[in-house]
Amino acid sequence: MSDSGSEWDFTSISSDRAPVNIDTTVAHPARMYDYYLGGKDNFAADRAAADAAMAAAPGMELTARMNRAFLGRAVRFLAESGIKQIIDIGTGIPTAGNTHQVAQEVDPQIRVVYIDNDPMVLIHARALMETQSQGTTTVIQADLREPEAILAHPQVRSLIDFTRPIAVNLVAILHFIKDEENPREILKTLREALPKGSYLVVSHCTLDFTPPEIGAALREIYNKATAPLVPRTHAEILEYFEGFELVEPGLVLPPLWHPDRIVSQEEAENAHFYAGVGRLL
Ligand SMILES: C[S@@+](CC[C@H](N)C(=O)[O-])C[C@H]1O[C@@H](n2cnc3c(N)ncnc32)[C@H](O)[C@@H]1O
């Protein structure tokens with residue numbers, strides 16, 4: 001058992017053992033997120049940036065936990081709604097409650113394709129897949145900014161049946177896509193490939209509840225990381241659900257989406273995120 005509380009012991013990769021295509025000197029959001037969640041798969045630069053973010057915005061680690069808990073509840077909802085296939089883009093370094101585990105607890109036959117563009121995520125996710133869920137789960141390296149390549153990928157095509165409803169998870173990833181990279185167009189490409197009855201799961205960073213000076217500090221920290229943070233407003237995030245009908249209670253603070261305990265608005269506002277699930281009309 002690792003210190004992260006994960007069910008697997010993913011031995012940390014020290015900087016000198018890092019794969020050649022990982023620059024350990026620049027903070028990476030996947031590894032910062034791993035650090036917020038108490039994981040060990042991060043380097044000094046990631047920890048320094050995450051520590052700075054937690055100092056600037058106390059509760060950042062709570063934000064990560066609230067987002068992760070939303071992902072778990074949303075995936076359970078999908079599985080209980082009868083979804084049999086999930087494309088999870090922006091997978092993150094495996095930790096407790098990964099998408100395929102939550103889904104396959106409900107139905108072991110649910111198929112999951114994990115997609116991330118970070119080589120280190122791939123190493124850890126593949127290590128997990130080697131011991132888990134052979135045949136129902138796969139991991140590929142691809143970039144959300146190239147949705148056509150994702151849709152045409154042979155492993156996606158072999159595991160996912162595009163004539164049956166599919167859930168696409170974009171959980172804590174769209175805020176790494178800049179406006180000039182046209183996130184709405186990315187969503188449109190994905191949406192047009194999905195049959196009716198498919199689902200879209202989104203969580204996204206917002207500064208709607210954050211004092212401006214804290215927001216500015218967070219932007220500055222993430223601007224020095226490999227992927228700058230692009231927080232968006234409720235109205236902007238809502239636009240990603242074009243063509244989808246939002247499942248109740250809509251696009252809300254993550255702890256308020258199908259809560260499994262009583263959460264006050266005040267507590268939920270620590271999340272710096274919105275979250276929602278839509279069903280394709
Ligand atoms: C904050 S983590 C979220 C992990 C997981 N979805 C969750 O919410 O617990 C964001 C992940 O998105 C990945 N990512 C960022 N930009 C990406 C892109 N353009 N294409 C694919 N993955 C990306 C990062 O490598 C990272 O693993």
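Note that ligands are numbered from 1 as they come in the structure, with each ligand's atoms numbered from 1 the same way.
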Starting from atom 9 (O) of ligand 1, find the nearest protein heavy-atom neighbour and note its residue, name and distance.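 Among all protein heavy atoms, the one nearest atom 9 (O) of ligand 1 is Tyr33 OH, 2.6 Å.
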I need the nearest protein heavy-atom contact for atom 10 (C) of ligand 1: residue, atom name and distance, please.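 I find the closest protein heavy atom is Ala172 O, 3.2 Å.
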Those atoms of ligand 1 less than 4.0 Å from some heavy atom in [X]:
X	value
Thr91	4 (C), 5 (C), 6 (N)
Leu144	18 (C), 19 (N), 20 (N), 21 (C)
Asp118	25 (O)
Val121	27 (O)
Gly92	4 (C), 27 (O)

Answer whether the closest heavy-atom distance between the side chains of Leu238 and Tyr274 falls below 4.5 Å.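 A side-chain contact is absent here, since even the closest heavy-atom pair is not under 4.5 Å.
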Taking C-beta and beyond as the side chain, do Val113 and His153 meet within less than 4.5 Å on heavy atoms?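 No, their side chains stay 4.5 Å or more apart.
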Are more than 12 heavy atoms from other residues, nucleotides or ligands located less than 6.0 Å from atom CD of Glu220?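 Open: at most 12 neighbouring heavy atoms sit under 6.0 Å from CD of Glu220.
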Within the 3.5 Å criterion, strictly below it, is a donor on Tyr114 or Asn98 matched to an acceptor on the partner's side chain?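 No, because no side-chain N or O of Tyr114 sits under 3.5 Å from a partner of the opposite role on Asn98.
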Pick one: which of Glu239, His175, His204 meets side chain to side chain donor-acceptor pair (under 3.5 Å) with Arg232?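 Looking at Glu239, His175, His204, the match for Arg232 under the side chain to side chain donor-acceptor pair (under 3.5 Å) is His204.
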Is the shortest side-chain N to carboxylate O distance from Glu61 to Arg65 below 4.0 Å?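 So Glu61 does not pair with Arg65 through a salt bridge.
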Cationic N near anionic O, under 4.0 Å, Arg111 to Asp161: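 A salt bridge is absent here (no side-chain N lies under 4.0 Å from a carboxylate O).
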So which pairs with a foot in residues 241-250 pass side chain to side chain donor-acceptor pair (under 3.5 Å), sequence neighbours left out?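 Listed once each, the pairs are Arg184-Glu242.
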Flag [X] as yes when one of its N or O atoms lies below 3.5 Å from any N or O atom of ligand 1, and as no otherwise.
X	value
Val171	yes
Gly90	yes
Asp116	yes

Heavy atom of [X] under 4.0 Å from ligand 1?
X	result
Asn67	yes
Ala142	yes
His28	yes

In terms of relative ring orientation, are Phe176 and Tyr222 parallel, tilted or perpendicular, with 30° and 60° separating the classes?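 The arrangement is tilted - the two ring planes meet at 30° to 60°.
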Those residues that, when tested against Thr63, pass side chain to side chain donor-acceptor pair (under 3.5 Å) (two or more places apart):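 Here no residue qualifies.
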With heavy atoms only and a cut-off of under 4.0 Å, state how Asp143 meets ligand 1: side chain, backbone, both or neither.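 Both of them.
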What part of Asn117 sits under 4.0 Å from ligand 1 if we count only heavy atoms: the side chain, the backbone, both or neither?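 Both backbone and side chain.
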